[in-house]
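Scroll down for the structure; my scribbles are underneath it.
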Amino acid sequence: MGKQTIQINMDIPAPVETVFADLSDHENLGPILGAKITRIRDGAQNVNGEGSVRKLNVGPLPAIEETVTAFRENELIEYRITNRTPLKNHLGTMRFSENDGVTHLDYNIVFESRIPLAGGLIRKGLNDTIRKGLRRYAD
């Protein structure tokens, strides 16, 4: 129970402009994360930017809607789950930096579970799925 945290730090052998473009594009995330992802609302300044909303479908589970709450090109993407799901107080933060053509991704997710004792299982499933997808992407 309580707050769950996922922290992923990864170096990706590509320029930050490429990695940011790939990971900020809602439809691009689907193959990376093994989910069906659809942009359902464009952001004000950028279609995938602040205010944009994406819908994630993972297997038979109910759809999750995530709203981008902060977006700084090649630096930051922040998002929250904005529909009713088994997760609450969810915040995902992706920070990007580059050194000699290699992008460093600092990806953090915090959330709580509405279902008693399920938070740890949800954290493990999310962590494993995201890490596997990002490793595949980085190769």
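Hydrogens, waters and symmetry mates play no part in the numbers below; they use all other heavy atoms, side chains included.
Here Lys132 does not pair with Asp128 in a salt bridge; the nearest charged N to carboxylate O distance is not below 4.0 Å.
Taking the side chain as every heavy atom from C-beta outward, Val19 and Tyr137 approach each other to under 4.5 Å. Side-chain contact between Asn127 and Arg131: present, with at least one pair of heavy atoms (C-beta onward) separated by less than 4.5 Å. Annotation: side chain of Asp106 is in contact with side chain of Asn108 (closest heavy-atom distance under 4.5 Å). Arg80 is not listed as a side-chain neighbour of Thr67, based on a closest heavy-atom distance of 4.5 Å or more.
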Would His26 and Ser52 satisfy side-chain hydrogen bond (donor to acceptor under 3.5 Å, both in side chains), going step by step from the backbone distance to the final call? CA-CA 9 Å; His26 297 330; Ser52 67; 2.9 Å; yes
Start with the C-alpha distance between Phe71 and Tyr79, add both sets of side-chain angles, then the distance that settles ring pair (Phe, Tyr, Trp, His ring centres under 6.0 Å), and finish with yes or no. CA-CA 9 Å; Phe71 184 91; Tyr79 62 93; over 10 Å; no
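Annotation: side chain to side chain donor-acceptor pair (under 3.5 Å) contacts of Arg136 (sequence neighbours excluded): none.
Evaluation of the salt bridge (charged side-chain N to carboxylate O under 4.0 Å, His left out) test over residues 44-56, restricted to residues two or more places apart or in two chains, returns Arg54-Glu66.
Linking ILVMFWY side-chain heavy atoms closer than 4.5 Å, directly or via other members, places Ile64 and Ile32 in a single hydrophobic cluster. Cluster annotation: Leu76 and Ile12 are assigned to distinct hydrophobic clusters (Ile/Leu/Val/Met/Phe/Trp/Tyr, side-chain heavy-atom contacts under 4.5 Å, transitive). Val110 and Ile6 are assigned to two separate hydrophobic clusters, defined by single-linkage of ILVMFWY side chains at heavy-atom distances under 4.5 Å. Both Leu105 and Ile8 belong to a common hydrophobic cluster when Ile, Leu, Val, Met, Phe, Trp and Tyr are linked at side-chain heavy-atom distances under 4.5 angstrom.
Residues His104 and Asn9 bring a donor and an acceptor atom of their side chains to less than 3.5 Å of each other.
The six-membered or imidazole ring of Phe96 lies away from that of Tyr107, with a centre-to-centre distance of 6.0 Å or more.
The environment of CD in Glu17 is crowded: more than 12 heavy-atom neighbours from other residues, nucleotides or ligands sit within 6.0 Å.
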